[in-house]
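First up is the structure itself, then whatever we jot down about it.
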Amino acid sequence: MAISIKKVGVVGGGLMGAGIAQTVAQAGYDVIMAEVNQELLDRGMERVTGAWTMLTGKGKITEAQAAEYRGRFRGTLDLADFSDRDLVIEAIIENQDEKKKLFKTLDGILSEGALLVSNTSSLPVVEMASVTGRQTRVAGLHFFNPAPVMKLVEVVRTIVTSDETIETLKEFARSLGKTPIVAKDSAGFIVNFLLIPYMLAAIRMYEHGMASMEDIDTGMKLGCGYPMGPFELLDYVGLDTTLWAAEAIYKEFPDEAYAPPTLLRRMVQAGRYGKKNGKGFWNLDEG
Ligand code: CAA
Ligand code: NAD
C-alpha cells in the first residue's frame with residue numbers, strides 16, 4: 001500500500017533542488033525548500049519563481065497558475081520547518097559525509113512515517129540510510145537535469161528499502177508526470193553508469209588531441225541526434241558534480257572507463273564548475 005504524500009521538503013536550492021521543488025509544486029504538492037544561507041536561498045527561490053515567470057511569458061502557464069504554484073512554495077533556513085513533511089528530497093552537494101550529516105539531522109526532525117530520499121547521482125544510498133532510524137523508508141529518487149523537463153526518475157532501492165516505499169515513490173514520480181525506473185543501489189545506478197564514462201571518454205579524446213571540443217560536440221549532436229554534445233552536457237551538469245560522481249563510481253568499479261581524467265580534475269581545481277558559475281569548457285580558451 002502506498003503512503004499518502006501531500007507535503008514535501010527539498011534540501012538544496014541549486015541546479016537540481018530548485019528544479020525538483022518547481023516540478024513538485026507544479027504537481028499540486030505543498031513544498032518547502034531549504035538552503036544553507038540567505039543569499040543561496042534567495043538565489044534558489046529566484047530560480048524557481050523565475051521559471052514560473054518565464055513560463056507565463058511564453059504562454060505555457062497562466063498568471064493564475066503561477067500564483068497558485070507560488071502560494072504553495074516557500075523557502076527556509078531552518079530544517080525544523082520540515083517536521084510536518086511526508087517526504088523530504090535531499091539535493092545537496094555530491095558528498096557522502098555531508099549527506100549523512102543531513103540525514104541524521106532530518107531523521108530527528110521528521111515524523112516516524114515520513115520518507116527520506118536522496119537525489120544523489122552515484123553515492124550508495126544505504127550509507128545515508130544507515131545513520132537513520134528509518135532505513136526501510138530511505139531510497140534514492142534521482143531526477144535528471146533540467147528536472148522540470150526531463151521525463152525520467154530513477155527510484156533507487158537499497159538492500160533494506162521496503163516495497164511500500166518503492167511503490168509510493170513510483171506513484172509519486174508518476175504524479176509529477178515522470179516515468180519511474182527502479183535501479184539497484186549500485187554506484188551510478190542505470191543512467192550514470194552509462195553516461196559518465198561517455199562524458200569522460202570525450203575529455204580523454206580532447207586531452208589526446210584527437211579532435212576539438214567543438215567537433216566532438218558536433219559529431220555527437222549531428223551523428224547521433226543527441227540534444228547536446230558531451231562538452232555542452234558536462235558544462236550543463238556541472239564539472240564538480242561530474243568529478244565527484246565519477247570518483248564514486250570508480251571507487252566501486254575500478255575500471256579505467258570511470259577514472260576521472262586529469263583535465264576534469266584541473267578544471268574543478270581551477271574553480272571552473274560549468275554553466276552554474278559561468279566558467280567551463282565552452283570558454284576555456286578565454287582563460
Ligand atoms: N520549467 C518548465 N519548462 C522548462 C523549463 C523549466 N524550468 N526550462 C525549460 N523548459 C521548457 C522550455 O519552455 C521549452 O519548451 P518548448 O520547447 O515547449 O518551448 C523546453 O523546455 C526546451 O527548452 P529550451 O527551448 O530552452 O531548450 P532546448 O530545446 O535547447 O532544450 C534541453 C534544452 C531540454 C536541456 C535539451 O538540450 C536536452 O535535453 N539536453 C540534454 C539534457 C540531458 O541529457 N540531461 C541529463 C543530464 S545527466 C543527469 O541529469 C544525471 C546526473 O546525475 C548528472
Ligand atoms: P549544486 O551545486 O547546483 O547545488 C547544491 C546546493 O546544495 C548548493 O546550493 C548548496 O548551497 C546546497 N547545500 C549544500 N549543503 C547543504 C545543506 N546541508 N543544507 C541545504 N543546502 C545545502 O548541485 P546540483 O547539481 O543541484 O546537485 C545536487 C545533487 O543532485 C547532487 O547529489 C548531484 O549529484 C545530484 N544530481 C545532479 C545533477 C546535475 O545534472 N547537476 C543531476 C541529477 C542529480
Side-chain angles (χ1 to χ4, degrees), residues 9-23 25-26 33-45 47-61 66 69 75-79 82 88-106 117-123 125 128 140-154 156 177 188-196 198-199 220-221 225-230 232-249 273-277:
V10 177
V11 192
L15 285 181
M16 293 308 292
I20 294 167
Q22 179 196 335
T23 308
Q26 285 174 197
M33 186 176 80
E35 254 295 348
V36 286
N37 62 43
Q38 193 61 49
E39 191 191 339
L40 288 167
L41 181 61
D42 290 345
R43 199 185 300 169
M45 299 286 291
R47 276 197 175 109
V48 179
T49 55
W52 290 328
T53 306
M54 177 272 286
L55 292 171
T56 310
K58 280 186 166 187
K60 299 190 108 188
I61 59 171
Y69 302 159
T76 187
L77 294 176
D78 186 0
L79 289 176
F82 282 20
V88 173
I89 305 170
E90 168 278 310
I92 69 167
I93 50 169
E94 188 73 342
N95 177 293
Q96 187 67 286
D97 289 339
E98 289 299 317
K99 290 189 192 278
K100 281 163 76 176
K101 221 185 304 168
L102 177 66
F103 268 58
K104 199 169 166 48
T105 304
L106 286 169
V117 302
S118 174
N119 184 53
T120 180
S121 299
S122 58
L123 297 165
V125 177
M128 299 169 215
L141 193 66
H142 186 209
F143 290 80
F144 290 79
N145 188 12
V149 177
M150 305 307 280
K151 292 290 175 209
L152 185 74
V153 170
E154 286 178 327
V156 180
F189 316 124
I190 296 171
V191 174
N192 282 337
F193 193 73
L194 297 171
L195 182 65
I196 299 268
Y198 155 72
M199 294 196 290
M220 294 314 291
K221 282 191 285 190
Y226 287 16
M228 289 177 169
E232 271 181 276
L233 190 56
L234 280 155
D235 281 335
Y236 193 70
V237 162
L239 304 183
D240 49 348
T241 302
T242 305
L243 173 63
W244 298 327
E247 283 174 340
I249 304 176
Y273 300 150
K275 191 178 165 210
K276 69 177 155 191
N277 78 343

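Read the numbers this way: they start at 1 and go in the same order the structure lists the ligands and their atoms.
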Report yes or no: does [X] contribute a side-chain atom to a donor-acceptor pair with the main-chain N or O of [Y] at less than 3.5 Å?
X	Y	value
E94	S122	yes
E154	V191	yes
Q96	L123	no

I need the minimum non-hydrogen distance between [X] and [Y], along with the two atoms involved.
X	Y	answer
V10	G17	CG1-O, 3.6 Å
V36	L77	C-CD2, 4.0 Å
N119	F143	OD1-N, 2.8 Å

Pick one of side chain, backbone, both or neither for how [X] approaches ligand 1, counting any non-hydrogen atom pair under 4.0 Å.
X	answer
L55	side chain
L195	side chain
S122	neither
T242	neither
V149	side chain

Are more than 12 heavy atoms, taken from residues, nucleotides or ligands other than K221, located less than 6.0 Å from that residue's NZ atom?
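Yes, because the 6.0 Å sphere around NZ of K221 holds more than 12 heavy atoms from other groups.
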
When you measure from [atom] to the protein, is at least one non-hydrogen atom found at a distance under 4.0 Å?
atom	answer
atom 39 (O) of ligand 1	yes
atom 32 (C) of ligand 1	no
atom 29 (O) of ligand 1	no
atom 26 (O) of ligand 1	no
atom 20 (C) of ligand 1	no
atom 23 (O) of ligand 1	no

State which residues pass salt bridge (charged side-chain N to carboxylate O under 4.0 Å, His left out) with K276; sequence neighbours excluded, sorted by chain then number.
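In terms of salt bridge (charged side-chain N to carboxylate O under 4.0 Å, His left out), with neighbours along the sequence ignored, K276 is linked to D240.
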
Looking only at heavy atoms of M16, does any of them come nearer than 4.0 Å to an atom of ligand 1?
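In this structure, M16 fails to qualify as a contact of ligand 1 - no heavy atom is under 4.0 Å.
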
Ligand-residue contact atoms, ligand 1 with [X], heavy atoms, under 4.0 Å:
X	answer
P146	35 (C)
M228	35 (C), 37 (O), 40 (N), 41 (C)
A51	7 (N)

Is Q26 in polar range of ligand 1, meaning some N or O pair under 3.5 Å apart?
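No - when backbone and side-chain N and O of Q26 are compared with those of ligand 1, no distance drops under 3.5 Å.
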
Any nitrogen or oxygen of Y236 lying under 3.5 Å from a nitrogen or oxygen in ligand 1? Just yes or no.
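Y236 vs ligand 1: no N/O contact under 3.5 Å.
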
Nearest neighbour in protein (non-hydrogen) for [atom]:
atom	answer
atom 46 (C) of ligand 1	N145 O, 3.5 Å
atom 52 (C) of ligand 1	N192 ND2, 3.4 Å
atom 1 (N) of ligand 1	Q22 NE2, 2.7 Å
atom 8 (N) of ligand 1	M54 CE, 3.7 Å
atom 36 (C) of ligand 1	P227 CB, 4.0 Å
atom 54 (C) of ligand 1	V237 CG1, 3.6 Å
atom 16 (P) of ligand 1	K60 NZ, 3.2 Å
atom 14 (C) of ligand 1	K58 NZ, 3.7 Å

R43/E35 ion pair, N-O < 4.0 Å:
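A salt bridge is absent here (no side-chain N lies under 4.0 Å from a carboxylate O).
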
I'd like a table of the close N/O pairs between ligand 2 and the protein (anything under 3.5 Å), one pair per line with both atom names and the distance.
unit_1	atom_1	unit_2	atom_2	d
ligand 2	2 (O)	K276	NZ	3.0
ligand 2	3 (O)	L15	N	3.0
ligand 2	9 (O)	E35	OE2	2.5
ligand 2	11 (O)	E35	OE1	2.8
ligand 2	11 (O)	E35	OE2	3.4
ligand 2	26 (O)	L15	N	3.3
ligand 2	26 (O)	M16	N	2.8
ligand 2	30 (O)	N119	ND2	2.9
ligand 2	32 (O)	I92	O	3.2
ligand 2	32 (O)	E94	OE1	2.5
ligand 2	32 (O)	K99	NZ	2.7
ligand 2	34 (O)	E94	OE1	2.9
ligand 2	34 (O)	S121	OG	2.7
ligand 2	36 (N)	S121	OG	3.2
ligand 2	40 (O)	N145	ND2	3.2
ligand 2	41 (N)	V237	O	2.7

Using the side chain to side chain contact (heavy atoms under 4.5 Å, CB included) rule, pick out the option among V117, N192, I190, L152 that qualifies with H142.
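For H142, the side chain to side chain contact (heavy atoms under 4.5 Å, CB included) test succeeds with only one of V117, N192, I190, L152, which is N192.
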
Please tell me if the side chains of T120 and F189 come closer than 4.5 Å, counting only heavy atoms from C-beta onward.
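Sidechains of F189 and T120: in contact.
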
